[in-house]
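Data block below; observations after.
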Amino acid sequence: MQIGFIGLGIMGAPQAQNLLRAGFSLTVATRTPGKAEKFAQDNKELGKVQAVNTAAEVAAASDIVITMVTDSPDVVAVARGENGIFATAKPGTIIIDMSTISPKVTQELAAEAEAKGLQWLDAPVSGGQKGAIEGTLTIMIGGDSAALEKARPVLEAMGKRITHFGKAGNGQFAKLSNQVIVACNLLSACEGLVFAAKAGLDLNTVHSALTGGAANSWALDVLGKKMIDRDFAPAFMVKLQQKDLRLVLDAASNSHTALPGTSLVHQLLAAVEAEGRGDDGTQSLFRIIERLAGI
Ligand code: NAP
């Protein structure tokens with residue numbers, strides 16, 4: 001199977017590397033001119049990889065096309081745009097969108113793909129940059145089960161827990177549910193650590209003890225450590241978390257679902273953005289909570 005990969009950022013690049021390691025041949029493209037060529041050059045030892053300039057060129061060369069771009073308008077541009085996937089994909093091509101985007105936009109694109117004889121799977125992921133590098137992502141699928149079975153070996157090269165939630169868009173709903181929990185856990189990790197700091201405790205000792213008990217979460221374990229080390233480099237940028245929380249709050253508003261904790265985290269992350277730190281990792285929320293505590 002020829003695989004196409006569009007979007008070689010924090011997540012996409014290591015995922016594409018894992019596909020090469022698993023023996024798949026890749027055609028890759030991304031937005032910034034030259035980045036795909038650099039990826040192909042840097043990774044030619046891992047397997048057969050060819051760089052092209054547009055999503056249309058990727059699709060023309062592929063049986064399965066994976067997209068890992070930023071937001072709904074990016075997936076729309078990559079799929080439906082003038083030089084997009086729909087322009088050249090052969091009937092039967094499976095498009096796997098692993099970006100986190102709107103469930104409604106996903107349903108529209110999936111219907112459009114089906115009308116063109118293509119198959120669309122939404123397959124957003126959880127597990128962060130670490131999961132992408134280690135090939136241990138949790139993958140949440142919406143779409144046709146026969147297409148999923150054909151694509152499974154490809155997905156298995158990137159992730160460990162692959163769950164089918166039913167129709168198109170349902171993978172995105174599962175991912176947004178994940179983001180609700182991730183956001184609230186982020187805030188609780190910040191608050192717990194700031195509270196311990198104010199009491200004069202050594203934060204490394206607190207982290208080591210609390211990650212062994214009922215308070216543990218991915219946020220406390222991975223992001224809590226970065227907060228203590230004052231490492232605010234992005235593995236998941238604040239502006240992307242904000243994009244996800246907007247998707248959550250829109251969908252929740254449509255279904256009359258009150259999410260007070262998620263709304264609060266969205267507001268607090270706006271304070272991080274207001275300081276010009278939207279490109280920081282989400283652990284940067286720690287600084288705002290410190291300041292509220294007078295640290
Ligand atoms: P990122 O580092 O900003 O990468 C985004 C990639 O998409 C870049 O390579 C960018 O190209 C490409 N891109 C964006 N718009 C495009 C367009 N219109 N046409 C072609 N390429 C386009 O972001 P990321 O962290 O990898 O996140 C990617 C997706 O995964 C997002 O939906 C995010 O919410 C989701 N996600 C991220 C994480 C995480 O921990 N980082 C975890 C789970 C899910 P250029 O490099 O050329 O600009």
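Counting starts at 1 for both ligands and their atoms, in listed order.
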* **Whether over 12 other heavy atoms sit under 6.0 Å from Glu149 CD** =>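 Counting other residues, nucleotides and ligands, CD of Glu149 exceeds 12 neighbours.
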* Neighbour count above 12 (heavy atom, 6.0 Å) for Lys48 NZ ->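 It does not: Lys48 NZ has 12 such atoms or fewer within range.
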Students should be able to answer this: which protein heavy-atom is nearest to [atom], and at what distance?
atom	value
atom 18 (N) of ligand 1	Asp74 OD1, 3.4 Å
atom 37 (C) of ligand 1	Met11 CG, 3.6 Å
atom 2 (O) of ligand 1	Ile10 N, 2.9 Å
atom 17 (C) of ligand 1	Val78 CG2, 4.0 Å
atom 30 (O) of ligand 1	Met68 CE, 3.1 Å
atom 48 (O) of ligand 1	Arg31 NH2, 2.9 Å
atom 32 (O) of ligand 1	Thr70 O, 2.8 Å
atom 34 (O) of ligand 1	Lys243 NZ, 2.7 Å

Within ligand 1, which atoms have a heavy atom of [X] less than 4.0 Å away?
X	value
Ser99	32 (O)
Gln129	40 (O)
Lys175	43 (C), 44 (C)
Leu8	9 (O)

Nearest-option assignment for [atom], heavy atoms, candidates [options]:
atom	options	answer
atom 11 (O) of ligand 1	Thr30, Ile6, Thr32	Thr30
atom 29 (C) of ligand 1	Ile101, Val69, Asp279	Val69
atom 43 (C) of ligand 1	Leu247, Val125, Asn178	Val125

Ligand 1-proximal atoms of [X], by part, heavy-atom distance under 4.0 Å:
X	answer
Met237	side chain
Leu240	side chain
Lys35	side chain
Ala235	backbone

Geometric N/O contact [X] with ligand 1, under 3.5 angstrom:
X	result
Ser126	no
Thr100	yes
Gly9	yes

* Test log, rule side chain to side chain contact (heavy atoms under 4.5 Å, CB included), inputs Ile85 and Thr67 -> CA-CA 10 Å; Ile85 299 166; Thr67 52; 3.7 Å; yes
* To do: May I ask you to decide whether Asp250 forms a salt bridge with Arg246, counting only side-chain N to carboxylate O separations under 4.0 Å?
  =>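 The answer is no: the pair does not qualify as a salt bridge.
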* Between Lys38 and Asp42, is there a side-chain N and carboxylate O pair less than 4.0 Å apart? ->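 The answer is yes: the pair qualifies as a salt bridge.
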* Using only heavy-atom distances, determine whether the side chains of Glu191 and Ser188 contain a donor-acceptor pair under 3.5 Å. =>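 On atom types as modelled, these side chains do not qualify, holding no pair under 3.5 Å.
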* Just checking, is any N or O donor in the side chain of Asp122 or Gln172 under 3.5 Å from an acceptor N or O on the other one? ->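 There is no such pair between these side chains.
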* Asked: So how far is it from Met237 CE to Thr282 OG1, rounded to the nearest 0.5 Å?
  ->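 Reported value, rounded in 0.5 Å steps: 11.0 Å.
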* To the nearest 0.5 Å, how far apart are OG in Ser25 and CE in Met1? ->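 The OG atom of Ser25 sits 11.0 Å away from the CE atom of Met1.
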* To do: Locate the shortest heavy-atom distance separating Ala36 from Leu8; write the atom from each residue and the value.
  =>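 Nearest heavy atoms, Ala36 then Leu8: CA-CD1, 3.9 Å.
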* List the steps and the verdict of side chain to side chain donor-acceptor pair (under 3.5 Å) for Gln119 and Glu114. => CA-CA 6 Å; Gln119 288 175 299; Glu114 196 182 336; over 6 Å; no
* To do: Please confirm whether Arg287 makes a cation-pi placement over Phe232, using NZ or CZ under 6.0 Å from the six-membered ring centre and within 45° of the ring normal.
  =>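 Pair Arg287/Phe232 counts as cation-pi.
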* Going by heavy atoms in the side chains, are Val78 and Val75 under 4.5 Å from each other? ->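 Not touching, per the 4.5 Å side-chain cut-off.
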